[in-house]
Colleague: 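Provided herewith is a single structure, encoded as structure tokens, for subsequent inquiry.
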Amino acid sequence: MGNSSSMLTQYDIEEVQEHCNNTFSQQEIVSLYQRFCQLDRNGGGFISSDEFMTVPEFAVNPLSQRLLRMLDGLNFKEFVAFLSAFSSRASLQQKVEFIFKVYDSDGNGKVSFNDILDILRDLTGQFIAEHQREHVLTQVLEEAGYTKDSLLVPADFIKILSSSDLKMEVEVPVD
Amino acid sequence: MSKLNTSSSELDLDRPNIEDYLPSGSIQEPHGELRLRDLLDLSPTLTEAAGAIVDDSFTRCFKSNPPEPWNWNIYLFPLWCLGVVVRYMFLFPLRVIVLTIGWIVFLSCYFPVHFLLKGHDKLRKRLERGLVELICSFFVASWTGVVKYHGPRPSMRPKQVFVANHTSMIDFIVLEQMTAFAVIMQKHPGWVGLLQSTILESLGCIWFNRSEAKDREIVARKLREHVHGADNNPLLIFPEGTCVNNHYTVMFKKGAFELGCTVCPIAIKYNKIFVDAFWNSRKQSFTTHLLQLMTSWAVVCDVWYLEPQNLKPGETPIEFAERVRDIISVRAGLKKVPWDGYLKYSRPSPKHRERKQQSFAESILRRLEEK
């Protein structure tokens, strides 16, 4: 139960900073490390799904299961890299690419109709019927100049999302 | 606008609904035609998730705060070392002796009283009450408890319950020292459990097991019976249902506020100057927690007996519970968070997630119709 922050040296912090393209300040990284150790209850060097789910605010999130698959087994460096998209210093492109990665569950660099439908199902649950969901998505895709069979690449996402004001920032508490 | 009313779980006495406690409808609804980017933009949901990963109010409630290091100074460090020697080599053994004497005195009086005075119930009750108060004073003395009590002492009368915020099992000892309360408590294993089932039982304390649904009904029934009995010890409930680190209050279970009794709030605030009195039951057993207290300089705390409150006309038990929580939080300087302390032991129900899904689905459907 010692003072965990003292275990990060200047080198470690710089290494982590480099890994996340300097999107977090050194103090923020120390803070994140304390949080990481707090969540990693059994001290395995990574946060297990069960440990993430002990945070009720995370557990009730409709996308929690999907995010857990991305978070599974991350060490601290990767954990910070995961969160870097939420830094105020991250570019719009980084943020959009993060969203793309959430959609692209098989990691092949392309998002299909079904990928989007899967997310939509997570977000709306039983409150929209399956056929209605498909109908809505087809319609909206066509209006934007795509079809049901289009495969979207990151560039498409950037084109689509950069026109909206994306607010995806999380403040790391620093004491 | 859709009003989401909670219809289910009204019967469930012990499980508060988070939504009932939150201010309703503050997020502004997006308008206009539904476009592809509205569907693809996951940023609100993702931001929420990442925010919870980085920091969340629930985990904060149960974090033991390490004391501020003050001794890392070449002049103070030897003094601190001297302090360690005094605390462990001198104070601690002395306190063990005090506690042992306490137990000897207590046990040698309690058993005769308990078994020999079978016919004189009134006298026996009074003596037992006095003895429990005595042993609790010994406990408080064993950590050099410096307790300041403010406000009028609790009186014994029917139809009232006392509710207090909960930091550690020592709250109970601190309060018991003054007045022999009957308390509602989780069943504990080990020596604490033994005390519960032998000695505290005679005060009319009620035990339950958090995980047993059946126990809840039994407790609810016993509660009613106890409160309406004229000669019973005053009842003490920790409505948070779990120990919180004395910086926050989690939601109060409404059980205590549904009895139709006067509720007397008690606020307890520990001063952390010497030791953190929060019992982090995940990390340490009660015995280690006591040892930690017994090797510190002192346990300093303030107890306020606050003005009794009654259910106002038109007020629901939940609103009443929140009002009392307000009173206690303000007095003890605690922050309120809208979480159920039992989430420490279980996952939040899928209802909360469904609520989020429902509002998103409704906004999609509405915008679709606007075309």
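Naming convention: chains lettered A, B, ... in sequence-line order (proteins, then strands); numbering from 1 in each chain.
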Colleague: Checking D115(A) against chain B: side chain, backbone, both or neither under 4.5 Å from a heavy atom?
Modeller: neither
Colleague: In terms of heavy-atom contacts, does CD of Q27(A) have more than 12 from other residues, nucleotides or ligands at under 6.0 Å?
Modeller: no
Colleague: Are a donor atom and an acceptor atom from the side chains of Q38(A) and T59(B) found within less than 3.5 Å of each other?
Modeller: no
Colleague: Is atom CD of E18(A) surrounded by more than 12 heavy atoms (other residues, nucleotides or ligands) closer than 6.0 Å?
Modeller: no
Colleague: Considering only heavy atoms, which portion of Y146(A) lies under 4.5 Å from any heavy atom of chain B: side chain, backbone, both, or neither?
Modeller: side chain
Colleague: Working to the nearest 0.5 angstrom, can you tell me the gap between F86(A) CZ and S43(B) OG?
Modeller: 9.0 Å
Colleague: For the side chain of Q357(B) and the backbone of F127(A), is there at least one donor-acceptor N/O pair under 3.5 Å apart?
Modeller: no
Colleague: Count the heavy atoms of every other residue, nucleotide or ligand shown that sit under 6.0 Å from CD of Q93(A), and state whether that count exceeds 12.
Modeller: no
Colleague: Is it the backbone or the side chain of L365(B) that comes under 4.5 Å from a heavy atom of chain A, or both, or neither?
Modeller: side chain
Colleague: Return the CG to CG distance between L36(B) and L152(A), rounded to the nearest 0.5 Å.
Modeller: 7.0 Å
Colleague: Taking the side chain as every heavy atom from C-beta outward, state whether P173(A) and R60(B) have any pair of such atoms under 4.5 Å apart.
Modeller: yes
Colleague: With rounding to the nearest 0.5 angstrom, report the CE to CG distance, M168(A) to L46(B).
Modeller: 6.0 Å
Colleague: If I take atom OG1 from residue T54(A) and atom CZ from residue F62(B), how far apart are they, to the nearest 0.5 angstrom?
Modeller: 11.5 Å
Colleague: Locate the shortest heavy-atom distance separating R353(B) from A59(A); write the atom from each residue and the value.
Modeller: NH2-O, 3.0 Å
Colleague: Hey, mind stepping through L120(A) and F360(B) against side-chain contact (heavy atoms from CB on, under 4.5 Å) and telling me if it holds?
Modeller: CA-CA 10 Å; L120(A) 207 53; F360(B) 186 69; 4.3 Å; yes
Colleague: Minimum heavy-atom separation for L67(A) to A49(B), with atom names?
Modeller: CD1-CB, 3.4 Å
Colleague: One thing to verify: whether D122(A) and K356(B) come together as a salt bridge, which I'm taking to mean a side-chain N less than 4.0 angstrom from a carboxylate O.
Modeller: no
Colleague: Kindly compute the distance separating CD1 (I160(A)) from CZ (R37(B)), expressed to the nearest 0.5 Å.
Modeller: 10.5 Å
Colleague: Please give me the minimum heavy-atom distance between R35(B) and V140(A), naming the atom from each residue.
Modeller: C-CG1, 3.4 Å
Colleague: With only heavy atoms counted, which part of L123(A) is less than 4.5 Å from chain B, the side chain, the backbone, both or neither?
Modeller: both
Colleague: Which atom pair, heavy atoms only, marks the closest approach of R35(A) to A52(B)?
Modeller: NH2-O, 3.0 Å
Colleague: To the nearest 0.5 Å, what is the distance between CG on N61(A) and OG1 on T47(B)?
Modeller: 10.0 Å
Colleague: Is the shortest heavy-atom distance from the side chain of E48(B) to the side chain of V60(A) under 4.5 Å?
Modeller: no
Colleague: Relative to chain A, which of I364(B), L39(B), I53(B) shows the most heavy atom pairs under 4.5 Å?
Modeller: I53(B)
Colleague: Would you call F157(A) and L40(B) a side-chain contact if the rule is heavy atoms closer than 4.5 Å?
Modeller: yes
Colleague: Give, as side chain, backbone, both or neither, the part of V96(A) having an atom under 4.5 angstrom from any heavy atom of chain B.
Modeller: neither
Colleague: Is chain B contacted by the side chain of I119(A), its backbone, both, or neither, given a heavy-atom distance below 4.5 Å?
Modeller: side chain
Colleague: Between R133(A), K167(A), K95(A), which shows the greatest number of heavy-atom pairs under 4.5 Å with chain B?
Modeller: K167(A)
Colleague: Looking at chain B, which one of Y103(A), F58(A), F79(A), F36(A) has the largest number of heavy-atom pairs inside 4.5 Å, strictly under?
Modeller: Y103(A)
Colleague: Check each atom of Q132(A) against the heavy atoms of chain B and say whether the ones under 4.5 Å are side chain, backbone, both or neither.
Modeller: side chain
Colleague: More than 12 heavy atoms of other residues, nucleotides or ligands under 6.0 Å from NZ of K110(A): yes or no?
Modeller: no
